[in-house]
Structure formats: C-alpha cells, structure tokens
Amino acid sequence: MANPFEKRATEYLRDDEAFLTVVSPEPLSTFFEKQAREDKLFDRLVMIIGTPGSGKTTMARLFQYPTIRTLLRNESLESHRPLIASLSECGAIADGHPSLIGARIPLESEYREFWEFPYSDDLKLGLMTALIQARAVLGWINDLRDAGYEMSDIKFVPRGNADAASDAIGGARTEDIRAKAAEIELAIYNVSAALVPPEVESIPSAAATAYRPFDVIEQITVKRDNTVLALRPLIILDDAHTLHQTQFDLMRRWLARRELRVGRWVITRFDALTPRQVLLSPGLSGDREITYIRMQGDSGRAGERTAFRKMAKDISSRYLRRMDTFSRRGLTDLRSMLATNSDPLPAGKLEQLRKHVDSVQRRTGVSAARRRELEGLVAKYWSKNGGNPDLQLASLEILMERYQRRTRSRAGELDIFDDGITSFDPEPSKPISMDAGVADGARVHLLHSYDRPYYSGIDALCDAGSENAEQFLLLASVLVGQLETKLIRGRDLTLTTKEQDRLLRERATDLVRDWDFPHARKVRTLVDGIAEQCLRKSLEPNAPLKGGAIAFGILQSEFEALPSSHPELAQVLQFAVAYNAIGLVQDYGTKNQKWCLVELGGALLLKHGLTLSRGGFLERSVDDLAELLGGEPDAA
Amino acid sequence: MIWPNCSAVSQMQPEYRWDLAVTNRKENSRKFISEYFNDAERQVLLIAGAGFDPRATILAEQLGSLEFLQLRAAFIKETRSESDARLQQLASENLATLAEAIPNHEILAVDIFGADNSVTAGRSAARALHKFGLGDATDVIVDISALSVGVSFPMIRWVLDTAIASDNGLNVHIFVSHEPELDSRIRSVPAETPVAVHGFDGGMSLSAQGPKAARLWMPQLATGRTGALRRIHDKVTPDEVCVILPFPAAQTRHGDSLLEELLEPDDVPWDMDSRSIVYADEADPLDLYRTIMRLHALREPVFAETGGSQLILSPVGSKVMALGALLAALELDLPVIYLEDFSYELLDDGDSVGPAPDLMHVWLEGDPYTSNRPSVKRKAAL
C-alpha cells in the first residue's frame with residue numbers, strides 16, 4: 001500500500017482481516033459504549049448521525065456478523081484485543097461468541113425512487129419496507145451460510161405466538177423463509193426497475209402483499225456440534241440521507257415502533273434532514289423512543305476534541321504499521337516525528353520585531369515602569385510554557401495595546417493644560433493578564449507578520465481534522481509522505497515546525513481548491529468571505545478575541561428563520577456542513593444571548609492562517625452571510 | 001454504408017445483436033438523411049435535446065429541410081436547479097432554432113433533480129416519453145447530441161423495448177454529432193452520489209443471487225472526470241478495473257493525456273497496469289460495443305462456477321463511445337453507473353461549433369434486420 005493515509009484505507013480494504021488491523025476502537029468507547037451500558041442500542045431505533053468521513057459506516061461495519069466472526073477467529077492477535085473488548089462492552093460479543101447478527105443495507109437511490117412512483121404514500125412505504133425486510137432476511141441468511149452453517153442449522157425464532165405470522169414470512173423452515181424473501185425482493189425489484197412503473201392494479205401480488213418479518217422475528221439461532229447460539233438480529237440501514245424527507249420521516253416512525261424485535265440502526269448525514277433541519281437539529285434529540293448517536297455533535301465540544309485526538313492518534317499508529325518504511329523501523333507513533341518547538345526568529349527578524357515593539361510602546365504611551373511590569377507577566381507565563389524571545393515580544397505588544405485601550409478613558413480625563421502633570425501611568429480599567437489566549441494571539445500575529453510556523457505537532461493536526469477522520473487522514477497524509485521521503489533518504493526522523501506548517505497549509509489550500517460537490521463554488525465564496533473577515537479581526541493588535549475569530553455568530557432566533565428567509569443560502573449551507581467546510585454550533589450561550597456559530601472547518605483555518613482554538617466569533621446577521629454570496633433577495 | 005440492401009443484411013447471422021448494425025458517418029450520414037428520410041411514406045418522430053450544446057440543432061435542421069418528410073419532434077428540456085445564465089440563453093436560442101426547423105413539436109420538460117437533489121432524470125424522461133407516446137411513427141430517431149446519459153439511455157431503452165414488444169417493424173435510429181474538442185470544453189460539476197442510470201441497474205441491487213459475481217468495472221476516461229470516477233469506483237467496489245481509452249482518436253495522444261490525468265496527483269484506488277486498459281475507436285461505437293461483448297463472452301465460462309461475471313459500465317466521456325457502451329448494456333442488461341451532472345460550464349468563448357461535427361448514425365431496429373438476431377436480456381419481468 002503506497003500511502004494508506006491518502007484515502008481512508010477502510011474504504012478500500014474489502015477484506016475483513018485487513019480492515020480490522022487499521023480500524024480504531026476509540027469511537028466505540030466514545031459513541032457506543034455509554035448507550036450499550038444503558039441498554040439503548042438494540043431494543044429501539046438508533047440514529048447515527050455525522051458528516052461524510054466521520055466514521056459512521058466504519059463503525060457500523062464492526063457490528064456486521066462477518067466482521068465479528070473474523071475478529072473472533074483471530075482473537076489471539078494482540079491488536080484485536082481492544083476491539084474485542086470494546087465490542088463486548090457494546091454487547092456485540094459475549095463469552096467469545098457473536099451475540100448479534102448485523103446486516104448492512106445501503107439505502108441507495110433505488111429506495112429514494114420509490115417516492116417518485118404514482119402511488120399512495122402507504123403503498124410506497126409498504127413497498128419500501130417490504131424490500132428492506134426481504135433484504136435483511138436474505139442478508140442474515142447469506143452471512144450465516146458464508147460462515148459455514150447449513151440451512152438446517154439456522155432457525156428463525158418467532159416472538160410469542162406468532163405462528164400465523166411465521167407463515168406470512170414463508171413458514172418455519174429457513175429454506176422457505178429464504179425463498180419467500182427472494183420472491184418478495186424480485187417482485188418489488190421488478191416494480192422499481194421498470195422504466196415506467198406499472199399501474200396500481202398491475203403491481204404483482206407478491207409485491208403488494210404485506211410482508212413483515214421485523215414484526216415476527218425475535219431471534220436467530222444457529223447450531224453447530226450440538227451447541228446452539230442465539231443471535232439478536234440487527235439491521236443497519238446506511239446512507240438514509242438519500243431518502244425523500246417524507247419517506248425518511250415515515251421510515252423513522254416505522255422503525256421507532258417498540259413492537260419490532262430486531263435491532264435497527266439508521267445511519268445518516270446531517271444533510272439528510274433538508275436545509276431546515278440540517279440547521280435546526282437539536283429538536284430531534286427529545287424523542288425518547290430513539291437513541292441518537294452524533295458522531296460530530298454540537299455539545300460537550302471540549303470532550304469531543306479530546307476523544308477525537310485519542311482516536312486520531314490510534315488511527316495514525318495503525319496506518320503507520322501498514323507502511324513498511326515505518327514499521328520496519330518500529331516507527332508507529334506519529335507524535336514523536338512531529339516537532340513542536342519552533343526555532344526562534346532569525347536575528348534580523350527578531351531585531352525588527354524588537355524595534356516594532358518599541359514603537360508600539362511609544363505610540364501607546366506605556367511608561368518604562370509599566371513596560372517592566374508587563375514584561376514580568378510575560379516572562380512568568382513563558383518560563384512555564386517554553387516561549388522564545390519572539391513569542392515574548394509579540395505577547396508584550398498585545399498587552400501594551402490592551403493597556404492603551406483600557407486607559408483610553410483616563411487619557412480623556414486629563415487636563416492637558418495642567419502644568420502639574422509630570423507623568424501619566426494610570427491603572428487600566430481592567431487588570432492586564434498574560435494567559436494562553438494572549439499566547440495564541442501572539443502566535444497568530446507572528447505567523448502572518450514574520451512567517452513563524454503555527455501549525456505543528458500531533459494535537460494541531462488532530463484539531464485541524466475538525467473531528468472528522470477522513471479530513472484528519474487527508475491532512476496527515478502529506479506529513480507522512482514527507483516523513484517517508486526523509487526516511488528513505490536517511491535524513492532526520494522528524495519534521496520541523498516549519499515543514500509541518502508549510503505542508504499542512506499547502507495541503508489544506510489544495511483540498512479546498514479541489515472541492516467537487518454541488519454548490520462548491522458558492523461554498524468556497526462563502527467560507528473565504530467569512531475567513532477574510534475573521535482574519536482581519538484576528539490580526540487586530542490587541543488580539544481582542546485571543547487567538548482570533550473562526551466563526552460568524554448569528555442570533556439563534558434569526559438563524560432558525562433562515563431556511564424560509566434565504567432558501568438559496570440554506571441550500572449552500574447544507575452542502576457546506578455536509579462537506580465539513582463549516583460546522584454549526586447551535587444555542588451557543590454568551591453575552592446573555594443564544595447564538596448559532598457558523599464555524600469554519602479545519603482546512604479553511606489552515607488555508608487562511610486562523611487559530612485552531614475555538615470560541616472566537618464575529619457578531620453577524622443572516623444578511624451578512626447572504627451578502628457574501630452576492631446578496632439574495634429576501635424570500636418574503 | 002448509407003442504406004444497405006435489406007435482404008443482404010437479413011441473411012447474415014450476427015454473433016451479437018448489433019454486430020452488423022447499419023451505421024453511417026460524416027457525408028454518408030447526410031446522404032442517408034436526405035435519401036432515406038425524404039420519403040412521404042415515412043412518419044418520423046425525432047427525440048432530441050433542447051439544451052445549450054451547439055450541436056443540438058444540427059440534425060433537426062437537416063430533417064426539417066427535407067421536402068417530403070412527415071416529421072414531428074419531442075424536444076427534451078433538461079431542467080437543473082443550478083443553471084448558468086449564459087448557458088440558459090444558449091439553450092433558449094437553440095430551442096428557438098429547433099422550433100423553427102420543426103414546427104410540429106412538443107417540448108417535454110424533464111427534471112434532472114428532485115427538490116432534495118435526488119436524481120430523477122431517467123425516471124422523469126421515461127415517464128414523459130411514455131406519456132407522449134410514439135403515435136403512428138414508422139421511424140423514431142433519438143439524437144443524443146444534446147442529451148445527457150441519464151436522460152438518453154432510459155429513453156432509448158424505452159423506445160427499443162416498445163419497438164421489440166410491438167413487433168410492427170418500427171425503425172429506431174440513433175444519431176450523435178461527434179466533436180471531441182467541444183466535448184472537452186463542456187465541464188460539469190457532478191452530483192454527489194453515483195447512481196445506476198434508470199433502467200440500467202442490471203440486477204446489481206438484488207441480494208438473492210447467491211455467491212457474488214466477479215465484478216469488472218469498465219469506466220470510460222474523460223477530461224476533468226477523475227474525481228467523479230473515484231467516487232463511482234467507491235460505490236461499485238469492483239474486483240477488477242479496465243479503463244477505456246479512445247484510440248484511434250482525433251488527437252492521437254488523447255488517451256495518454258487521460259491516463260496522465262487519472263494517475264496524478266494521487267494514486268488510483270485500484271491496481272493499474274497496461275493489461276487493464278481497453279482501447280476503442282473514438283469515432284466508432286460498434287468498436288467498443290464489440291469489445292465489451294467479447295469480454296463478457298470470455299468471462300462468463302471462467303466465473304460460471306463461482307457466482308458468475310458482472311460487467312459494470314460508466315460511460316462518462318464522449319457520446320460516441322457512450323453509445324457503444326449503451327448497445328452492450330441494452331443487449332446484456334448490464335449495470336451502468338454514473339454521476340449525474342449537477343451543473344455545466346462551457347469553457348472558452350471560441351467558435352460554438354468548429355469544423356462540421358461528424359454526424360454518426362446507428363440503425364438500431366427495423367427494416368434491415370430479421371427477428372433471429374440475439375435477443376436482448378432483461379432481468380425485470382415488466
């Protein structure tokens with residue numbers, strides 16, 4: 001494999017054994033274990049929501065029966081033990097055996113097309129749900145047959161007294177159940193594949209008859225060597241965002257019924273929910289009949305970031321193990337190969353910076369004594385945080401600028417004709433302090449004014465991934481590629497901060513340039529516009545937003561009206577969210593108000609040289625967003 | 001070939017249904033049009049695209065100028081939510097030209113996307129044509145010059161199925177104005193999700209087929225389509241890939257350029273070597289058609305015992321080569337997977353049409369053929 005980071009290897013590794021060597025178990029503990037402990041994974045509808053590349057399908061694959069079997073067949077492998085442990089915690093494995101049989105059905109365009117038929121909603125839904133159930137039954141049987149079980153070893157156990165219902169799904173024998181499912185599938189396929197759908201009266205009876213195995217099947221048992229294993233059937237419906245909105249809602253309602261005994265998971269992207277609901281997702285979370293797992297969410301963000309860092313580091317180790325160049329040398333920790341300490345600025349630039357800071361002192365009217373005090377704060381902070389003279393000078397500049405702003409009103413009170421004034425060194429209206437926010441601001445200023453590297457180290461790489469595995473890997477790939485080149489040439493086994501900064505920013509710029517999805521051009525215009533304004537704010541000399549701004553903040557109430565007030569903008573935002581150009585942080589409380597933050601994705605932060613720290617935003621309106629697109633007439 | 005002696009053709013036993021199909025090119029096509037169609041006995045229905053493509057009006061104008069022909073037309077207006085104003089203007093002008101050339105016409109609006117950006121092109125097109133009907137036509141012409149794959153393929157399939165089912169000697173012709181240079185100037189933004197062209201699922205989605213067939217994916221390479229091909233590959237998950245390159249081609253090195261574009265900057269997500277390339281004549285659809293049929297015939301016995309073989313086509317490039325893929329897909333009921341075009345861009349303001357495009361004609365069904373040709377396969381019973 002040339003460079004598995006270039007594209008998510010999991011998508012190319014059709015072989016389960018190869019797949020299991022690269023998949024990280026971290027998302028299982030982050031997203032699934034809690035729900036499993038609360039017994040909310042298999043007895044009700046589970047909706048798994050995330051942007052493209054967030055790992056939804058990868059995680060779901062772990063619950064598929066063939067994957068679990070392969071994992072258990074190789075349980076002695078050290079690398080598999082964390083996965084087995086996590087899956088056991090999640091209830092997929094018990095006593096070294098699979099405890100469920102998961103089958104995945106991608107809800108491809110074929111299902112969406114049911115909604116184009118000239119039939120009643122009931123009939124359309126009936127056709128679709130019957131097809132899903134037929135394919136579920138076929139999927140379970142196929143997986144068990146592939147595992148070596150004969151038809152006679154497999155038994156579908158109906159719930160309660162459901163003999164009559166068993167007859168409706170083919171009977172008691174698995175061969176008959178399979179034949180019935182195949183008959184239903186072909187009949188419905190013939191309707192959906194027809195160039196022109198048949199008249200209602202001409203729909204084959206096999207397609208139109210009620211077929212409800214999910215109401216009937218309680219369990220599937222398999223027998224081998226006089227041992228009977230009971231498996232809970234689980235169906236995983238992937239890519240549900242392709243469905244029509246009404247279709248999606250009706251399907252969700254069907255699957256949410258607690259009478260259904262099979263486990264049912266629905267995987268969808270944010271943009272499944274139409275522009276309105278993409279942007280207004282918190283409302284869904286209140287439904288107790290449904291378990292929601294958001295693989296990129298808008299709550300507990302600090303925790304999400306920490307969890308993602310852990311997962312990303314684990315993924316990178318697994319991928320490095322697949323690269324001979326690294327694994328032969330035992331190099332599987334990417335962190336150790338990414339330097340974080342920058343060299344100080346060259347003497348010439350440092351001198352330039354010193355002179356600049358002196359001129360700031362003169363302009364801001366900071367007295368010598370005040371400067372010494374501020375320098376003391378700066379030195380104290382950086383002595384604990386390993387800062388070079390350049391960082392200290394840049395921090396001092398920010399503090400002096402803040403001092404000026406916080407003493408401005410005092411300056412206004414002065415009587416300039418008062419001969420008694422010999423010195424002016426007022427106390428600031430608010431104490432000046434040196435903290436991580438100022439330090440971040442200093443770094444951003446130095447990045448833009450003196451090309452001092454900003455983006456370096458594994459944590460920065462993880463954060464630039466915006467909690468999206470695919471984005472993380474695409475960014476990491478360029479660093480790994482460079483490391484590989486160095487290794488082959490026998491050079492240093494680390495990338496300097498300068499190299500990392502350059503490579504990441506170039507890579508991010510290429511990624512944004514190569515966006516190729518509907519409305520990509522408009523999305524680019526929109527996010528570049530947001531970024532430019534954020535950068536202007538970030539480079540203000542007093543670093544008012546610490547590291548700077550990375551988002552537009554729009555009043556939540558105004559944002560909720562956006563889909564009807566600005567429908568074209570809503571469409572563009574829908575795709576921007578779906579492709580990680582932006583993230584939406586809703587109901588963000590600050591300044592005694594609720595905001596929706598339209599936050600730039602990691603690739604854009606890198607491209608424009610913005611901070612990776614969160615929280616800084618510019619107060620804006622929906623009209624401001626629309627203006628970036630060239631203005632959009634008010635839909636009203 | 002122009003217009004063969006029908007009895008001569010009918011005595012030949014082709015290996016494939018369209019192996020000996022009557023085809024015409026360039027001057028022969030024009031001669032065929034002026035001789036064959038200029039006949040008062042013929043009632044011709046032309047189905048053509050009314051889009052921005054400068055080639056949209058070429059055939060209609062020729063037919064419209066014939067003295068004796070009874071001619072009516074269905075002009076297909078493909079509607080996309082994202083549309084460039086300049087291209088809309090060009091489309092309007094083309095529609096006006098078409099309307100003037102063939103006054104007896106109807107405009108069929110086909111929504112390419114639903115309100116939720118789902119692909120509805122093929123289903124809309126088939127429904128619109130079904131509703132329009134073929135009337136008393138003796139000859140149906142489908143001009144695919146200005147029609148997208150998602151619209152033209154289902155329409156041709158519908159016409160073909162209707163012709164075969166009615167068994168009344170309906171003649172079915174396909175025309176395409178071939179100009180590779182113009183093709184490369186039309187750039188598209190692809191939709192998100194690869195889908196099967198409507199009517200061309202080929203049973204891919206059926207679960208009950210037993211062991212999985214060995215999948216060979218045959219994408220046609222085209223300029224600016226590398227990203228789209230990668231996405232289609234991710235959906236198809238083939239066991240093997242065999243790319244189709246144009247050779248011979250108007251630009252001799254065009255195939256090389258396409259390969260360079262595919263292989264750069266990142267590696268392709270499949271194993272690629274010189275054995276995984278098929279060369280097909282850029283200007284002869286039957287060349288690619290025969291190649292696909294041969295490949296299919298070779299693979300069938302090899303994989304018969306292990307689930308069978310499945311060829312999957314993705315004709316994203318020139319329309320002439322797409323036509324070759326269409327013929328194979330029609331005959332073998334092969335899946336055709338593509339990415340619908342979300343929007344278009346016409347690069348450069350240069351001459352809208354350069355030297356006269358090569359007008360290609362394929363006679364699909366009708367007078368030249370007997371009923372004992374190989375039949376078309378269908379999985380759907382309806």
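Chain identifiers are assigned alphabetically (A, B, ...) following the order of the sequence lines, protein sequences preceding nucleic acid strands; residue numbering begins at 1 within each chain. These numbers come from the heavy atoms of this one structure, side chains and all, not from hydrogens, waters or symmetry mates.
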### Message
Please classify the contact of B:Ser205 with chain A as side chain, backbone, both or neither, using a heavy-atom distance under 4.5 Å.
### Response
both
### Task
Could you look at B:Asp201 and say if it's the side chain, the backbone, both or neither that has a heavy atom under 4.5 Å from chain A?
both
### Message
Can you tell me which portion of B:Ala115 sits under 4.5 Å from chain A's heavy atoms? Options are side chain, backbone, both or neither.
### Response
backbone
## Note on the structure
Under 4.5 Å to a heavy atom of chain B? For A:Arg145 that would be neither
### Summary
When the 4.5 angstrom heavy-atom criterion is applied to A:Leu195 and chain B, the contacting part is both
### Task
Measure the shortest side-chain to side-chain distance between A:Arg112 and B:Asp116 over non-hydrogen atoms and say whether it is less than 4.5 angstrom.
yes
### Query
What distance separates A:Asp516 CG from B:Arg230 CZ, expressed to the nearest 0.5 Å?
11.5 Å
### Task
Against chain A, work out which of B:Pro154, B:Gly227, B:Pro190, B:Gly199 has the most heavy-atom pairs shorter than 4.5 Å and name it.
B:Pro190
### Summary
Minimal heavy-atom distance between A:Gln571 and B:Asn117, with the atoms involved, is OE1-ND2, 3.7 Å
### Query
Given that the side chain runs from C-beta out, which part of B:Asp239 has a heavy atom under 4.5 Å from chain A: side chain, backbone, both or neither?
both
### Message
Working to the nearest 0.5 angstrom, can you tell me the gap between A:Tyr579 OH and B:Glu192 CD?
### Response
3.0 Å
### Message
I need the minimum non-hydrogen distance between A:Tyr189 and B:Gly203, along with the two atoms involved.
### Response
OH-N, 2.8 Å
### Region of B:Glu340 in contact with chain A, defined by heavy-atom distances below 4.5 Å
neither
### Message
Is the shortest side-chain heavy-atom distance between A:Glu116 and B:His198 below 4.5 Å?
### Response
no
### Summary
Okay, A:Phe117 and chain B: the region with an atom under 4.5 Å from a heavy atom over there is side chain
### Task
Determine the minimum heavy-atom distance between B:Ala191 and A:Pro518, stating which atoms define it.
CA-CG, 4.1 Å
### Working for side-chain contact (heavy atoms from CB on, under 4.5 Å), residues A:Arg521 and B:Glu345
CA-CA 12 Å; A:Arg521 203 182 306 175; B:Glu345 183 181 22; 3.9 Å; yes
